[in-house]
Amino acid sequence: MSAAPRPLPRAFFERDVLAVARDLLGSLLVRRRGRALLVARLVEVEAYGGQGVDPSAHSFRGETPRCRVMFGPAGHAYVYTTHQGRCCLNVSAVGDRSGQAVLLRAAEPLAGAEAMRAARLDGLRDGPTRARLLAGGREHELLSGPARLCLGLGIDRALDGVDLCDAAGPLWLAQGERVARVLWAPRIGLNSKSASCGWAWRALVADARGVSAPRRPEAARGAPEPRRRPASHHEAAAPPRARLPGRARTA
DNA sequence: CTCACGATCAGCT
DNA sequence: GCTGATCGTGAGG
């Protein structure tokens, strides 16, 4: 790549969180590594509502040291750690101190795939997963999950708070090609007794292979009915209708 | 391919 | 103490 992809403007993130999630699909996530740029196309994201709205959001009970970035200006990185030191990356949205953000769940490598592969392999024990990655190919598995995405791109808590609208920084988001078909489905990995676990706030590129877990509709596993989003989001320009993914192709 | 299991730890109550 | 916005393993179709 010759020039660095131009960052999305702040105003992109200062909108309804579902519209931001929808429009992030197809956008580019760019990571500066020395002189090289790692570039990936987003194929799966999840919206998280804010304080007092979305019980599954880290911000639900208000600001804490960990999730402080969710309450700050839009377009900044909220990076948190999960099990075994893994990390997940979010972008703050809206910017009205309500604590809303979009979790970046999966992407497809466009540039620097071998560096991403090396980053994934680093620290991975011998086993089937290591062997599969060492065999080469399978690029769509390199960033196919929120923690894998961070591993492959070398993102950790040191990047918490970084401005994702700044192409001079270590990490930013840039415009990509518009995605034609988007699927909406319930979010992954939430406590099934949470009131919001059935909300279809996960957006996927319909024909992408690199999604983290489109396998089975959660509804088939006894989870609560996928619920409509709150009426305030109705004219949000994003999700036409929440349809379960099943196989990619039901558009 | 799908599924169930549990490692291992930061963050919060 | 208890709880995960997860991942890789290993067994089974």
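Proteins get letters first, then strands, A, B, ... in listed order; numbering begins at 1 in each.
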Q: List in chain and number order the residues that pass side-chain hydrogen bond (donor to acceptor under 3.5 Å, both in side chains) with A:D96, two or more places apart in sequence or in another chain; answer none if no residue qualifies.
A: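 If we apply the side-chain hydrogen bond (donor to acceptor under 3.5 Å, both in side chains) test to A:D96, skipping adjacent residues, the hits are A:S98.
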
Q: Quick one: pull up CZ in A:R202 and CD in A:E44 and give me the separation to the nearest 0.5 Å.
A: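 If we round to the nearest 0.5 Å, A:R202:CZ and A:E44:CD are 5.0 Å apart.
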
Q) By salt bridge (charged side-chain N to carboxylate O under 4.0 Å, His left out), which residues pair with A:R66, not counting sequence neighbours? A)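 A:R66 satisfies salt bridge (charged side-chain N to carboxylate O under 4.0 Å, His left out) with no other residue.
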
Q: Identify, with sequence neighbours excluded, every residue that meets salt bridge (charged side-chain N to carboxylate O under 4.0 Å, His left out) alongside A:R10.
A: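 Applying salt bridge (charged side-chain N to carboxylate O under 4.0 Å, His left out) to A:R10 gives A:D163.
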
Q. Hey, does the side chain of A:E46 reach the backbone of A:W201 with a donor-acceptor pair shorter than 3.5 angstrom?
A.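 Side chain of A:E46 to backbone of A:W201: no pair is present.
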
Q. Is the side chain of A:R105 donor-acceptor paired with the backbone N or O of A:L149 at a distance under 3.5 Å, no angle test?
A.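 No, because the side chain of A:R105 does not come within donor-acceptor range (under 3.5 Å) of the backbone of A:L149.
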
Q. Looking across every strand, which nucleic acid part, if any, lies under 4.0 Å from A:L103 by heavy atom: base, sugar-phosphate, or nothing?
A.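 Result for A:L103 = base.
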
Q: Could you tell me whether A:N90 contacts a base, only the sugar-phosphate backbone, or nothing, with contacts defined as non-hydrogen atoms closer than 4.0 Å?
A: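 Base, at least one base atom sits under 4.0 Å.
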
Q. When every nucleotide of nucleotides 6-13 of chain B is labelled 5' to 3' by its protein contacts under 4.0 Å (heavy atoms), B for base, S for sugar-phosphate only, - for none, what sequence of letters results?
A. -BS-SSSS

Q. Can A:E108 and A:R41 be said to form a salt bridge (Lys or Arg N to Asp or Glu O under 4.0 Å), step by step?
A. CA-CA 5 Å; A:E108 293 174 346; A:R41 169 184 179 252; 3.1 Å; yes

Tell me, which pairs form a salt bridge (charged side-chain N to carboxylate O under 4.0 Å, His left out) where one or both residues lie in [range], sequence neighbours left out?
range: residues 130-140 of chain A; answer: A:D126-A:R130, A:R132-A:E141, A:R138-A:E141
range: residues 147-157 of chain A; answer: A:R157-A:D160
range: residues 50-59 of chain A; answer: A:D54-A:R187

Would you give me the side-chain donor-acceptor pairs under 3.5 Å for residues 109-118 of chain A, sequence neighbours excluded?
residue, atom, partner, partner atom, Å
A:E114, OE1, A:R117, NE, 2.8
A:E114, OE2, A:R117, NH2, 3.4
A:R117, NH1, A:L133, O, 2.9
A:R117, NH1, A:G137, O, 3.1
A:R117, NH2, A:G137, O, 2.9

Indicate every side-chain donor-acceptor pair of residues 72-95 of chain A with a distance under 3.5 Å to a residue at least two apart or in another chain.
residue, atom, partner, partner atom, Å
A:H76, ND1, A:G161, O, 3.2
A:Y78, OH, A:H58, ND1, 2.7
A:N90, ND2, A:Y78, O, 3.3
A:S92, OG, A:P73, O, 2.7
A:S92, OG, A:G75, N, 3.2
A:S92, OG, A:H76, N, 2.9
A:S92, OG, A:H76, O, 3.4

Q. What's the CZ-C1' distance between A:R105 and C:dT6, to the nearest Å?
A.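 About 9 Å, once rounded to whole Å.
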
Q: Pull out every stem in DNA chain B, meaning runs of 3 or more consecutive Watson-Crick or G-U wobble pairs with both distances under 3.5 Å.
A: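 If one scans DNA chain B for consecutive Watson-Crick or G-U pairs, the stems found are B:1-7 with C:6-12, B:9-12 with C:1-4.
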
Q: Name every residue in residues 115-138 of chain A that has at least one heavy atom under 4.0 Å from any atom of DNA chain B, in order of residue number, or write none if there are no such residues.
A: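 Contacting residues: none.
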
Polar-atom pairs under 3.5 Å, protein N or O versus N or O of nucleotides 11-13 of chain C: list them with distances, or write none.
none

(Q) Restricting to non-hydrogen atoms, name the atom on A:L190 and the atom on A:S56 that form the minimum distance, rounded to 0.1 Å. (A)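 That closest heavy-atom pairing would be CD1-OG, 3.3 Å.
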
